[in-house]
Amino acid sequence: MHITIICVGKIKEKYLTMAIDEYSKRLSRYCKLDVIEVTDEKTEENASESFNDMVKRKEGERILKQLKEDSYVITLEITGKMLTSPELAAHISTLGVNGRGHITFIIGGSLGLSEAVSKRSDYKLSFSKMTFPHQLMRVILLEQIYRSFRINSNEPYHK
């Protein structure tokens with residue numbers, strides 16, 4: 001299976017980079033993993049809604065340029081469906097069984113995803129009703145993908 005994560009912005013904190021590297025290494029025995037970073041736009045405090053929409057649109061255009069036509073797209077959105085870890089594992093397994101060998105997860109920037117990216121999504125996934133920093137979300141997503149492969153391989157995982 002091929003997993004791609006498209007995310008907005010670079011990781012600045014070393015501790016997050018170390019965690020991302022660790023989960024990427026662990027995942028290498030289960031799948032081909034690509035992490036694609038697209039440039040984030042500068043945001044302003046108390047910016048107008050139209051300015052924020054423009055930021056999301058520009059970031060969204062960069063995201064959409066990176067998408068492969070045959071990829072099953074899962075966007076991380078606060079309004080998406082919440083799954084347990086076993087349910088996410090089952091979803092990934094079902095995609096593989098149905099011949100969807102390439103899954104792309106998308107993490108938006110600090111303002112979220114553009115409408116165009118959300119519309120392109122095949123599945124909207126939410127990890128919580130809470131908001132997380134998009135940089136930390138990358139670590140959480142990688143851990144859950146790793147956990148999914150462990151579950152699907154009938155290997156022990158922390159409960």
Practice item. Kindly give the heavy-atom pair with the smallest separation between Ser148 and Ser85, and that separation in Å. Key: OG-O, 4.3 Å

Check your understanding: Listed by chain and number, what are the side chain to side chain donor-acceptor pair (under 3.5 Å) partners of Ser93, not counting sequence neighbours?
Key -> none

**Study point:** NZ or CZ of Arg26 within 45° of Tyr146 ring axis and under 6.0 Å
**Key:** yes

Practice item. Mark yes or no for whether Ser153, through its side chain, and Arg150, through its backbone, hold a donor-acceptor pair below 3.5 Å. Key: no

**Study point:** Charged N-O contact under 4.0 Å between Arg29 and Glu155
**Key:** yes

Practice item. Could you check if a side-chain atom of Ile3 sits within less than 4.5 angstrom of a side-chain atom of Lys32, using non-hydrogen atoms only? Key: no

**Study point:** All side chain to side chain donor-acceptor pair (under 3.5 Å) counterparts of Glu69, not counting sequence neighbours
**Key:** none

Practice item. Say whether, by atom type as modelled, one donor and one acceptor occur between the side chain of Ser118 and the main chain of Ser114 under 3.5 angstrom. Key: no

Check your understanding: What closest approach, in Å, do Arg100 and Asp70 show between heavy atoms, and which atom pair accounts for it?
Key -> NH2-O, 3.8 Å

Review point. Out of curiosity, Ile107 CD1 to Leu113 CG, how far, rounded to the nearest 0.5 Å?
Key: 9.5 Å

Check your understanding: Could you give the distance from OG1 (Thr39) to NZ (Lys10), rounded to the nearest 0.5 Å?
Key -> 6.5 Å

Point to revise | Within-4.5 Å side-chain heavy-atom neighbours: Val55 and Glu59 | key: yes

Check your understanding: When you look at NZ of Lys124, are more than 12 heavy atoms from neighbouring residues, nucleotides or ligands closer to it than 6.0 Å?
Key -> yes

Point to revise | Under-4.0 Å salt bridge between Glu143 and Arg147 | key: yes

Check your understanding: Counting only N and O atoms by type, is there a donor-acceptor contact under 3.5 Å from the side chain of Thr75 to the main-chain atoms of Glu77?
Key -> no

Review point. Ring centres of His2 and Tyr72 under 6.0 Å apart?
Key: no

Point to revise | Over all atoms of both residues, closest heavy-atom pair of Glu87 and Met82 | key: OE1-O, 4.3 Å

Review point. Say you draw a straight line from OH of Tyr15 to CG of Leu136; how long is it, rounded to the nearest 0.5 Å?
Key: 7.0 Å

Study note, to complete from the structure: Rounded to the nearest 0.5 angstrom, the CZ-CG distance for Arg138 and Leu142 is 8.5 Å

Review point. Quick one: do Leu16 and Leu27 end up in the same hydrophobic cluster if we chain Ile, Leu, Val, Met, Phe, Trp and Tyr together by side-chain heavy atoms under 4.5 Å apart?
Key: yes

Practice item. Inspect the surroundings of CD in Glu115 and state if more than 12 heavy atoms from other residues, nucleotides or ligands are less than 6.0 Å away. Key: no

Exercise for review: Mind listing the closest non-hydrogen atom pair of Cys7 and Val35 along with its distance?
Suggested key: SG-CG1, 3.9 Å

Practice item. Take Lys81 and Ser126 through the side-chain contact (heavy atoms from CB on, under 4.5 Å) test and state the conclusion after the steps. Key: CA-CA 5 Å; Lys81 181 169 180 170; Ser126 174; over 6 Å; no

Review point. Does atom CE of Met18 have more than 12 heavy-atom neighbours from other groups under 6.0 Å away?
Key: no

Practice item. State plainly whether one hydrophobic cluster holds both Leu33 and Leu88, where clusters connect Ile, Leu, Val, Met, Phe, Trp and Tyr through side-chain heavy atoms under 4.5 angstrom apart. Key: yes

Check your understanding: Do any N or O atoms from the side chain of Ser71 and from the backbone of Thr104 form a donor-acceptor pair under 3.5 angstrom?
Key -> yes

Practice item. Using atom types as modelled and distance alone, determine if a side-chain donor or acceptor of Arg120 lies under 3.5 Å from a backbone N or O of Leu64. Key: no

**Study point:** Note: Asp40-Lys42 ion pair, threshold 4.0 Å (strictly below)
**Key:** no

Review point. Does the side chain of His134 come under 3.5 Å of the side chain of Ser110 through a donor N or O and an acceptor N or O?
Key: no

Review point. Does Ala19 offer a backbone N or O that forms a donor-acceptor pair with the side chain of Glu22 under 3.5 Å?
Key: no

Check your understanding: Roughly how far apart are Asn152 CG and Met1 CE, rounded to 0.5 Å?
Key -> 8.5 Å

Exercise for review: Hey, could you give me the CZ/CD1 distance between Phe105 and Ile74, rounded to the nearest 0.5 Å?
Suggested key: 4.0 Å

**Study point:** Charged N-O contact under 4.0 Å between Glu41 and Arg57
**Key:** no

